[in-house]
Amino acid sequence: MNRMVKCALMAGAALSAISTAAYAQESQDSATAVEDIIVTARRTEESAQKTPLALTAFSGQTLERVGAQQVTDLQGAVPNLNLVQGRGSSNATNIYIRGVGQPDSLQTFDPAVGVYVDDVYYSRIRGTQFDLLDLERIEILRGPQGTLYGKNTIGGAMKLVSRRPGQDFRARGSVSFGNYDQFEVQAAASGPVTDKLALGLSILHSERGGYVTDPRTGAEYNDKNTNALRASLAYDPASNFRLDMTVDYAKDDAGLTVGQAQNSLTWLAGGVVYPVQQPVPTYDFKTSTTPGLPNETRLETWGTSLRATWDLSESLTLKSITAYRELNTDDYIDFDATHLEIADALVAVDQNQFSQELQLTYTGDRLNAVAGVYYLRENVDSHQESYNDALLGPAFLNSGFLRTIDDTLETTSTALYANVTYDVTDKLRVSGGIRYTEEEKDYWRTTSTFYSLLPAFNATYVFAPSVGKYDDTSIMLSADYQLTDDAMVYARYAQGFKSGGFNGRANSATEATEYQPETADTFEIGAKTTFMDRRVRLNAAAFMTQYEDFQARVAGLDTDPVTGLPAPVLSVLNAGQLDIMGFELEGVFVPVAGLTLDAQVGYLDAEYKEFNDTRFTNFGGSRAFQDPAFSPKWTLRMGAQYEFALEGGASLTIGGAAKYRSEMALAVDNTPANSNEKLESMYQDSYWLYDARIVWSDASDRYSVGLYGQNLADEVYKTDAQEFSSIGNIRTAYFGAPRTWMVKLTAKY
C-alpha cells in the first residue's frame with residue numbers, strides 16, 4: 001500500500017503542476033509551436049494530444065532528423081521502453097513496455113508486445129528489427145491494447161505506418177557510410193499513374209562489418225547485411241472507396257551474434273572445461289566461436305496486404321484488412337560464446353500466417369464507435385540441431401553428440417471487439433471497449449539424441465500431438481476531460497491477455513508441459529498539455545499493473561534416463577503475480593525559434609508478489625525475492641537541437657542527447673537455484689549513453705549532409721543475457737555497439 005500511495009502522490013503532484021501551468025498562456029510566434037502528430041492509436045484519426053492513453057509518436061521527419069535507421073534506435077526515447085536486438089539473433093527484437101515482454105525468440109513463445117505494420121500483426125519477434133524505410137510515423141502505445149488490436153498486446157503495441165502514395169510526385173534518396181565499413185543506400189519514390197491510381201516503391205541495402213572479432217581466426221561477428229524492397233499501390237476509384245495494396249520483401253544475411261561468457265563452464269558431471277576469470281574482464285568486443293560452426297544468421301521474409309476502405313455513409317465506414325506473410329530463418333547460435341562445442345545450435349524456422357480483419361467505424365456528433373472481427377491462422381515448422389561434444393566431458397570431445405528437435409505449431413485465433421466513445425459534454429468523454437478471444441494451438445514434437453561413438457545411447461522421444469484451447473474476455477474503460485483547448489486529463493482501466501502454449505525447449509517427455517495464459521490489469525491516469533502558445537508540451541502518466549501468471553522460462557537439472565548423467569531441464573512456469581507501478585513524463589520546449597529542448601523520464605517499480613518454484617526449498621518454494629527482468633527503476637533522456645540560419649537561406653542543425661538507464665536484470669533467472677545470491681553477470685549496472693549530430697541543409701531543404709555519432713563515450717554495456725546454467729553452467733551476456741559514426745547524404749524532391 002505504501003508503494004501505491006507514493007506513486008499516487010507523485011502522479012498527483014505532477015498532474016496538479018501540469019493543470020496549473022496549462023492556464024498560463026503567453027502569446028508567441030506560432031512558428032515555434034511543437035509538432036502535433038495525428039495518430040490512429042484508437043483505430044480512428046485523432047491528435048496524439050487528444051488520445052486518452054499513454055503513447056509516444058514519431059513522425060517520419062523526426063526519425064530522419066535524428067538519423068534513426070532501425071527501430072532499436074528508439075531505445076531511450078520512450079519512457080519505460082526496452083527495445084534492443086534479441087539475444088543471439090541478428091533479426092529478433094527484445095521489446096518490453098512497463099516491465100511486460102517476452103525475450104525468447106523460440107517459435108513456441110508468443111510476443112507480449114504487439115508489432116503492427118500498416119495494421120498487420122507480426123506473430124514472431126524474429127523479423128521485427130525493422131529498418132526505417134519511407135515511414136509516415138511510428139506509434140508506441142503503452143499498456144494493454146487488446147480491445148482494438150489483433151492479439152498479444154498485453155504489454156502494449158508498436159505501430160509502423162508507411163507513407164501512402166498520392167497524386168503529388170515525391171522522391172527521396174540517401175547514401176550513408178561510417179566506421180566498421182558501414183554502407184547504406186535508400187531510395188523511395190511515389191506518384192500518380194492515373195488520376196485515380198498512385199504507386200510507391202522503396203528499396204534499401206544496408207551493410208556493416210562486425211564490431212566483434214574472433215582473436216583466433218579474425219572472423220567478424222555482430223555485423224549486418226540487409227536488402228529490403230517495398231511496393232505500394234493506392235487506388236481511389238470513387239470518392240467513397242479506397243484500396244491499398246502492399247508487397248514487401250527483406251533478406252538478412254549476417255554473421256553470428258555473439259556475446260561474452262560470464263562464468264566458468266562445466267561438463268555435465270561438474271568438471272570445469274572452460275575457466276573464466278572472476279570478476280569477468282571488461283568486454284573488449286572479442287569472442288571466439290567453435291571452429292566449423294557456420295558464421296551465419298539468415299532471415300528471409302515477405303508479405304502482402306490488401307486494405308479496402310468503403311465509406312458507406314458520411315458517418316459509417318467499413319474496412320477490410322487481408323494479409324499473408326512468410327518468414328524463414330537459419331540461425332546458428334554459439335550459446336556459450338567460446339571456441340568449445342559446449343552449446344552450439346542451428347535454429348531453422350519456416351513460418352507463415354494469414355489474417356483477416358473486418359472493421360466498422362461510426363462517427364457521429366457525440367458518439368464514435370469501432371467494432372470488428374479478427375482472424376489469424378499461423379503455421380510454424382521448426383528444425384533445431386544442438387551440438388554439445390564438450391558438454392559430455394574430456395573423454396567425449398569427439399563423440400559426435402547431436403540432439404535434434406523437430407516440431408510443428410498451428411495457431412488459430414479469432415476475436416470480436418467493440419470500442420465506443422461518447423461525448424457527455426463538450427469537455428467530458430467516456431469510452432468503453434470489450435474483446436472476446438478464442439485461440440487454439442496444435443503442437444507436435446520429436447526429440448532425438450545421437451552419439452556417433454556411443455550408438456547404444458541413441459534415443460528418440462516422440463511427444464503425442466497436444467491441443468491447447470484458451471479464451472478470454474477483456475475490457476477497457478476510460479474517461480477524459482478537456483480542461484482547456486490545450487489541456488486534457490484522463491483515467492483509464494485496461495485488461496490484457498496472452499494465451500498459453502507448450503514448452504518448446506523440452507528435452508524429455510516430462511518437460512513437454514503446457515503452460516497457461518497470462519493476464520494484466522492496468523490502471524492509468526494522465527494529462528496531456530500544451531501551453532505558452534504551443535511552445536511547451538508536457539505529458540504525464542501514472543500507472544499500476546497487476547500482471548498474473550506470466551510465462552517464465554527457467555532452468556534446472558535432472559538425470560538423463562539413458563546416460564545416467566545430469567541432464568538440463570528447461571521448464572516454463574506460470575510465475576504467480578507481478579505488481580508494477582510507475583510514472584512517465586514527456587516534455588518538449590521551444591524557448592526561441594530554432595531551439596528545441598526535450599526530455600523523457602520513466603519510473604518503474606516492479607516487484608514479484610508470487611513466484612512459486614519447488615526448487616527453492618530454502619525459501620518455502622518461492623523465488624519472489626528476485627528482480628523482474630528488463631525493468632530498470634529509471635529511464636531518462638534529455639535532448640537539445642538548435643538550427644542556425646546561414647547566409648543564402650541554408651541552415652545548420654546541431655543536436656544531441658544524453659540517455660540514462662538504471663540497474664537492470666537481464667534474465668528471469670538472476671540468482672542461482674535455491675539461493676538469493678545476486679548473479680551480477682545477469683545484471684547491467686546503471687549507465688549513460690551520449691549521441692550527437694550536425695546536419696547542413698540547403699536553402700530549398702532538398703539536399704542535406706549529416707554527421708551522426710552514437711555512444712560517443714564508448715560505453716561498454718549489456719543489452720541482454722542468456723541464462724542456461726543447467727547446460728554447462730552457461731551464462732552469456734550480449735553487448736550494445738561501441739562508438740559509431742555515420743555520414744549521410746540525402747536528396748528530396
Side-chain angles (χ1 to χ4, degrees), residues 69-70 72-73 75-76 84-92 94 129 177-184 206-226 252-265 274-291 293-297 331-340 342 344 659 661 664 666-667 680-691 708-722 730-742:
Q69 294 182 289
Q70 292 182 296
T72 50
D73 290 336
Q75 172 81 328
V84 297
Q85 178 177 308
R87 57 185 67 161
S89 174
S90 66
N91 52 62
N94 178 350
Q129 195 171 320
F177 61 89
N179 59 341
Y180 296 99
D181 299 320
Q182 178 191 350
F183 174 73
E184 178 176 292
S206 181
E207 62 182 65
R208 187 200 67 237
Y211 54 78
V212 178
T213 58
D214 191 330
R216 292 171 174 262
T217 65
E220 293 186 352
Y221 311 123
N222 299 53
D223 62 334
K224 183 180 182 184
N225 185 9
T226 301
D252 181 66
D253 192 4
L256 291 173
T257 296
V258 296
Q260 179 191 46
Q262 297 294 293
N263 55 286
S264 295
L265 306 176
Y274 187 87
V276 172
Q277 178 184 333
Q278 295 295 331
V280 182
T282 301
Y283 190 50
D284 60 358
F285 295 94
K286 291 182 174 60
T287 301
S288 293
T289 65
T290 306
L293 184 69
N295 186 15
E296 298 173 356
T297 61
D331 277 2
Y332 286 93
I333 305 171
D334 193 325
F335 288 105
D336 55 271
T338 73
H339 66 282
L340 297 176
I342 299 173
D344 302 339
K659 297 178 286 188
R661 191 167 290 259
M664 175 175 64
L666 300 171
E680 297 293 342
S681 61
M682 296 293 98
Y683 282 78
Q684 168 59 46
D685 292 336
S686 60
Y687 64 96
W688 285 90
L689 296 178
Y690 305 97
D691 304 334
Y708 304 83
Q710 293 185 314
N711 190 9
L712 296 179
D714 209 17
E715 179 77 15
V716 177
Y717 64 100
K718 304 170 190 172
T719 59
D720 210 333
Q722 294 273 15
I730 291 173
R731 296 187 183 104
T732 301
Y734 297 87
F735 292 79
R739 180 192 298 121
T740 59
W741 59 264
M742 171 185 73

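From a predicted model like this one, the values you see are computed outputs, not experimental measurements.
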*Will you find, in the side chains of Thr289 and Asn295, an N or O donor that is under 3.5 Å from an N or O acceptor?*
no
*Taking the six-membered ring for Trp, are Tyr717 and Tyr687 parallel (under 30°), tilted (30 to 60°) or perpendicular (over 60°)?*
parallel
*Does the side chain of Lys659 reach to within under 4.5 Å of the side chain of Tyr690, using non-hydrogen atoms?*
no
_Whether the Asp336 and Tyr274 side chains hold a donor-acceptor pair (N or O, under 3.5 Å, no angle test) is what I'd like checked._
no
_From Asp284 atom CG to Thr282 atom OG1, the distance as rounded to the nearest 0.5 Å_ = 9.0 Å
*Between Asp344 and Ile333, is any pair of side-chain heavy atoms under 4.5 Å apart?*
no
_Run the side chain to side chain contact (heavy atoms under 4.5 Å, CB included) test against Glu207 and tell me which residues pass, sequence neighbours left out._
Phe183, His205, Asn225
*Without hydrogens or angle criteria, can the side chains of Ser681 and Gln262 be said to hold a donor-acceptor pair below 3.5 Å?*
no
*Under 3.5 Å, is there a donor-acceptor pair between the Ser89 and Asp331 side chains?*
yes
*Distance-only, no hydrogens or angles: does the Ser264 side chain make a donor-acceptor pair with backbone N or O of Val276 under 3.5 Å?*
yes
*Using the side-chain contact (heavy atoms from CB on, under 4.5 Å) rule, pick out the option among Asn94, Val84, Thr72 that qualifies with Gln129.*
Thr72
*asked:* Tyr708: which residues meet the ring pair (Phe, Tyr, Trp, His ring centres under 6.0 Å) condition with it, sequence neighbours left out?
replied: none
*OG1 of Thr226 to CD of Gln69: how many Å apart, nearest 0.5 Å?*
11.0 Å
*Do the ring planes of Phe285 and Tyr283 sit parallel (below 30°), tilted (30 to 60°) or perpendicular (above 60°)?*
tilted
_For a 4.5 angstrom cut-off between non-hydrogen side-chain atoms, does Lys718 reach Phe735?_
yes
*Which atom names give the shortest non-hydrogen contact between Pro215 and Thr213, and what distance separates them?*
CD-O, 3.5 Å
*Test log, rule side-chain hydrogen bond (donor to acceptor under 3.5 Å, both in side chains), inputs Gln722 and Thr732*: CA-CA 5 Å; Gln722 294 273 15; Thr732 301; over 6 Å; no
*Would Tyr180 and Thr740 count as having a side-chain donor-acceptor pair, cut-off 3.5 Å?*
no
*asked:* With a 4.5 Å cut-off on side-chain heavy atoms, are Asn179 and Arg208 touching?
replied: no
*Side chain proximity check, Val212 to Glu220, heavy atoms < 4.5 angstrom*: no
*asked:* Quick check: do Leu340 and Thr290 have side-chain heavy atoms less than 4.5 Å from each other?
replied: no
*Please determine which of Thr257, Asp334, Asp214 meets the side chain to side chain donor-acceptor pair (under 3.5 Å) test together with Tyr221.*
Asp214
*Hey, does the side chain of Thr297 reach the backbone of Gly255 with a donor-acceptor pair shorter than 3.5 angstrom?*
yes
*Any Leu689 side-chain heavy atom under 4.5 Å of Glu715 side chain*: yes
*Which residues pass the ring pair (Phe, Tyr, Trp, His ring centres under 6.0 Å) test with Tyr683, sequence neighbours left out?*
none
*How about Arg216 and His339: do any of their side-chain heavy atoms sit closer than 4.5 Å?*
yes
*Strictly by modelled atom types, are Lys224 and Ser90 linked by a side-chain donor-acceptor pair under 3.5 Å?*
no
*What's the shortest heavy-atom distance between Gln710 and Asp691, and which atoms?*
CA-OD1, 3.2 Å
*Where is the tightest heavy-atom contact between Gly259 and Thr287, given as atom of each residue plus distance?*
O-OG1, 2.7 Å
